[in-house]
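To keep things clear, I will list the structure first and then write my remarks on it.
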Amino acid sequence: MNEMYKLKKDISEAINILTGKDIQAESLTLTPTKKEFEGDYTLLAFPLARYFGKKPEDAAEIIGDYLKNNLEIIEDYNVIKGFLNLSFTDKYWHTSLNEMISNQNYGKGEHKSKKVMVEYSSPNTNKPLHLGHIRNILLGWSVSQVLEKAGYDVIKTQIVNDRGIAICKSMLAWQKWGKGVTPESSGKKGDFLVGDFYVLFDKKFNDEYLEWQNSDIALDIYKENGKEISKEKFFNNYKNEYFNKFSILGAEAREMLLKWEQKDEEVIKLWEMMNGWVLQGFEETFDKLGVYFDKSYFESQTYQSGKSIVDEGLRKSVFYKQSDGSVWINLEDAGMDKKLVLRSDGTSVYITQDMGTADLRFKDFGTEKMIYVVGDEQEYHFKVLFEIMKRLERPYARDMYHLSYGMVELPTGKMKSREGKVVDADDLIAEVINEAEKSAKERGELENTTKEERGEIYEKIGMAALKFFILKVNPKRRMIFNPEESVDLQGQTGPYIQNAFVRIKSILRKTEKTETKNFDNYKEINKYEKSLISTLSGYPDIIQQAANELEPSLIANFAYDLAKKYHKFYSEIRVLGAKNIEAKNFRIALSNMVADILEDAMNLLGIKMPERM
RNA sequence: GGUUCCGUAGCUCAGCUGGAUAGAGCAUCAGAUUUCUAAUCUGACGGUCACAGGUUCGAAUCCUGUCGGGAUCACCA
């Protein structure tokens, strides 16, 4: 157990002796003292007053007096209103730091022998990854890291949506207008090339649609169904129906999908080739983002896999069949609707696949907990999925969780990939690294490094800026992403934290590393050092909390707070120029510990630390 | 309309398991470098914590309602 808990336990015992009551340590509120007041930690006496039958101030006075006389680590106390401010002895701080340093795995949670799956990324193979994917990927990766740190066994997966009508649109456009172009021949990254054809399809389709809108059939349909709204608005809403009923291109795309499902040799060949281009492109982007997957699932392989579960559900009477042959589940008693799980033609829908994939994962890995990192527009879908798995009595069903996050919007509005109105992941990555390079060159701290080293450093800084910018905010919040602001390198940013680390490394390079762990002779410990130790001592709790709440932003804010306190310490206190050897050794040990924790915490966000910058 | 998420400084966000005078960063203005990397530090300016009730010794935090914004409620994925 950590220092804070031990202290709480001691205090609760003291109160029990004083009052004869049985107060639990967990019920006490003990927080770092606000900087305006004297003291290190503050105990709230308001809730305790009634056990004493006295005013909060008087109760605080009694507790404080007792603690000062009976606890070795309490040096002094003062009472302001119902707040009992406690000051600790130097020995407490020495011991605290010492214990952190001695613990090789400081912050790591106990091994929980529980397998957790985290699904994230889940791209479609008809266009490149964009800003929305970046938030998803960074969140998923970071949550995986945090869970692992907290002591879980984590399996990182993605499901690649590599089939369906969307990819057929790209394929058709390439076939019709591509003139055999390839990534090699065009020098274009595969996912971008395929994405271009997706956009091209939409353009040609729109042209076709506009022309059709003046035809007699179209006008008849409008007269019949759309009297009350403008022509423009009506046809805007009618687009999907046009695609399915009248469009020539639509018919061709659907025919292609049908051929794909029948495993038509030519179509499969085209599909394999274009998917290969895209997946190759994705790999490069994942690599740049520093993420990977333990296992990738492909929808082309799993899209039929839920059908046996449908049969099982029918046998167990969880599902029911309608006269047209479609299969449903009624979730009205759980506050949801009736939901289709199998079409009347016997084909799967989205949720059928997800049912199958969940079982498949359980079979593959024995995952006891499943976390899906998916945008909040799918909240209802997952609510339904989880309820279905519960009713099918899956062992993992009670521990399925949808980590939903808000959409990323640009200052100019929503992103629309069909219209090419997106921020591509690759472009953004290149931009932030470029920005880091510019800024680093102005500073001129890297003159004694090789070109390769410099390149690595620019990358680390740029990626830190981007990743921290995205991960510091609560996932639930919808975020408006301003490409210019994301590359800020000053203030509450990734590079600010890296800079604290770099300052420490610079100090450490200039001195012999001491192995001293006995700090008893260091007498003039100051408030900057205390605040660093006290922040460091909160790290294990932050990890557990971040794991429980699946909240990487807690880690990000912790790292920022620690870096901020170090920068402050650095500007006020000399390390190498300390007055005596005890102070110097203590500060070196403390700085080293701060660097370790900064690096560790940032690693949980997928951010790498440079030695210099 | 039902469900759900969000609403805190000009902007981007912390704080939400109830506690002291609501905190950071950006932007603006003023300062700090003969001394360990100034991507730093210090100060000033900036608030009806959307609004109204309720619970409490105490509410940004909990409850109810209202307003505003997003998402969702397909034989799409």
Side-chain angles (χ1 to χ4, degrees), chain A residues 29 31 33-34 36-37 42 44-47 49-50 55-56 80-83 85 122 124 161 163-166 240 299 322 324-328 335-337 339-345 347-351 353-354 375-381 383-384 404-407 409 414 436 439-440 442-446 461 465 469 472-474 476-482 485-486 488-500 502-511 545 553-554 556-557 560-561 563-564 566-578 587-588 591 612-613:
Chain A
T29 312
T31 53
T33 303
K34 295 218 161 204
E36 305 85 58
F37 302 97
T42 298
L44 291 186
F46 298 95
R50 62 193 173 98
K55 284 190 291 183
I80 298 170
K81 292 195 265 177
F83 298 92
N85 300 322
S122 312
N124 299 333
N161 180 7
R163 61 167 285 277
I165 194 76
N240 243 344
E299 248 188 63
Q322 272 192 353
D324 64 357
S326 58
V327 181
W328 297 72
M336 289 172 261
D337 294 320
K339 186 86 188 170
L340 178 94
V341 292
L342 199 71
R343 291 194 190 100
S344 49
D345 64 4
T347 57
S348 307
V349 287
Y350 183 38
I351 205 153
Q353 300 172 38
D354 269 357
D376 61 7
E377 71 273 12
Q378 294 196 30
E379 256 161 26
Y380 183 68
H381 167 79
K383 220 174 132 190
V384 170
S404 88
Y405 60 90
M407 191 177 303
E409 283 175 35
K414 279 187 194 172
S439 181
E442 276 172 32
R443 282 163 52 78
E445 291 279 354
L446 299 174
I461 297 171
F469 182 85
K472 75 178 178 185
V473 329
N474 181 332
K476 286 210 173 68
R477 238 177 220 275
R478 183 160 74 91
M479 68 189 286
I480 295 169
F481 186 90
N482 190 332
E485 271 173 31
S486 72
D488 261 359
L489 307 171
Q490 267 122 39
Q492 196 186 40
T493 66
Y496 174 96
I497 299 165
Q498 290 178 321
N499 187 230
V502 163
R503 284 176 139 183
I504 295 170
K505 289 293 163 180
S506 177
I507 290 174
L508 295 177
R509 273 195 298 273
K510 292 185 167 68
T511 183
Q545 201 191 339
S553 65
L554 295 176
N557 289 318
Y560 173 69
D561 186 44
K564 191 176 164 64
Y566 192 82
H567 278 307
K568 175 91 174 160
F569 161 83
Y570 184 92
S571 69
E572 300 287 343
I573 305 292
R574 303 280 90 189
V575 175
L576 298 178
R587 287 170 192 165
I588 288 171
S591 296
R612 46 188 98 215
M613 64 195 286

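Atoms considered below: every heavy atom in the structure, side chains included; atoms not considered: hydrogens, waters and symmetry mates. Chain naming here is simple, since letters A, B, ... match the order of the sequence lines and numbering starts at 1 in each. A quick note: this is a predicted structure, and the numbers were derived from the prediction, not measured.
Between B/U3 and B/U66, the two P atoms lie 11 Å apart (nearest whole Å). B/A60 sits 12 Å from B/G23 when the P atoms are compared, rounded to a whole Å. B/U61 and B/A22 have their P atoms separated by 14 Å, given to the nearest Å. Nucleotides B/A27 and B/U42, compared at atom P, are 16 Å apart to the nearest Å. Rounded to a whole angstrom, the distance from the C1' atom of B/U21 to that of B/U35 is 37 Å. As rounded to the nearest Å, B/G69 and B/A30 have C1' atoms that lie 39 Å from one another. If you take atom P in B/C63 and the same atom in B/U56, they sit 16 Å apart, rounded to whole Å. Here the separation of B/C5 from B/C41, taken at their P atoms, is 37 Å to the nearest Å.
Side-chain contact annotation: A/Thr33 with A/Thr42, donor-acceptor N/O pair under 3.5 Å present. Residues A/Ser348 and A/Gln353 have side chains that never bring a donor and an acceptor to within less than 3.5 angstrom of each other.
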Protein-to-nucleotide contact annotation, 5' to 3' order, nucleotides 67-73 of chain B [B base; S sugar-phosphate only; - none; under 4.0 Å, heavy atom] = --SSSSS
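Between the CZ atom of A/Arg163 and the C1' atom of B/C76 there is a distance of 11 Å, rounded to whole Å. Here B/U3 presents its P atom at 14 Å from CE of A/Met336, a figure rounded to the nearest Å. The distance between atom NZ of A/Lys34 and atom C1' of B/A24, rounded to the nearest whole Å, is 13 Å. Between A/Arg477 atom CZ and B/U12 atom P the separation is 9 Å, expressed in whole Å. In this structure, A/Lys472 places its NZ atom 13 Å from P of B/G15, rounding to the nearest Å. Regarding A/Phe469, its CZ atom lies at a distance of 15 Å from the C1' atom of B/A24, rounded to whole Å. Regarding A/Asn474, its CG atom lies at a distance of 13 Å from the P atom of B/U8, rounded to whole Å. One interatomic measurement links the two molecules: CG of A/Asn240 to P of B/A77, which rounds to 12 Å at whole-angstrom precision.
Looking at A/Lys564 and A/Tyr496, their side chains come closer than 4.5 Å, going by heavy atoms from C-beta outward. With contacts defined as side-chain heavy-atom distances shorter than 4.5 Å, the pair A/Tyr405/A/Asp376 does not qualify.
With B/C36, B/A24, B/C75 as the choices, the nucleotide that has an atom nearest any side-chain atom of A/Tyr560 turns out to be B/A24. Of the candidate nucleotides B/C41, B/C26, B/U35, B/U35 has the atom lying nearest to any side-chain atom of A/Arg574.
With a cut-off of 3.5 Å on both Watson-Crick or G-U wobble distances, the partner of B/G46 is given as none. The base-pairing partner of B/A22, taking Watson-Crick or G-U wobble contacts with both distances under 3.5 Å, does not exist among the strands shown. With a cut-off of 3.5 Å on both pairing distances, the Watson-Crick or G-U wobble partner of B/A71 is B/U3. Pair check for B/A14 finds none; no Watson-Crick or G-U wobble contact set falls under 3.5 Å. The partner of B/A59 is absent, by the rule that a Watson-Crick or G-U pair needs both atom distances under 3.5 Å.
Here A/Lys564 does not reach the OP1 or OP2 of B/U40: none of its side-chain N or O atoms lies under 4.0 Å away. Close to B/A38, at under 4.0 Å from its OP1 or OP2, lies a side-chain N or O of A/Arg503. Using a 4.0 Å cut-off, no side-chain N or O of A/Lys81 falls inside it from OP1 or OP2 of B/G58.
The CD1 atom of A/Ile461 sits 7.5 Å away from atom OG of A/Ser439, with the distance rounded to the nearest 0.5 Å.
Centre separation under 5.5 Å together with a plane angle under 30° does not hold for the ring of A/Phe46 and the six-membered base ring of B/G58, so they are not marked as stacked. Both thresholds, 5.5 Å between centres and 30° between ring planes, are met by A/Phe83 relative to the base of B/A20, so the two rings are stacked.
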Listing, residues 570-577 of chain A side-chain donor-acceptor contacts under 3.5 Å, not counting sequence neighbours, or none:
{"unit_1": "A/Ser571", "atom_1": "OG", "unit_2": "A/Lys568", "atom_2": "O", "d": "2.9"}

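A distance-only check finds a donor-acceptor pair linking the side chain of A/Asp324 to the backbone of A/Ser326 [under 3.5 Å].
Along RNA chain B, the nucleotide closest to A/Asp345 and the one closest to A/Thr42 are compared, and the more 5′ of them pairs with A/Thr42. The nearest heavy atom of RNA chain B to A/Tyr496 and to A/Tyr350 marks one nucleotide each, and the one closer to the 5' end goes with A/Tyr496.
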task = List the steps and the verdict of side-chain contact (heavy atoms from CB on, under 4.5 Å) for A/Glu445 and A/Arg612.
result = CA-CA 8 Å; A/Glu445 291 279 354; A/Arg612 46 188 98 215; over 6 Å; no
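For A/Phe83 and A/Phe37, the distance between ring centers is not under 6.0 angstrom.
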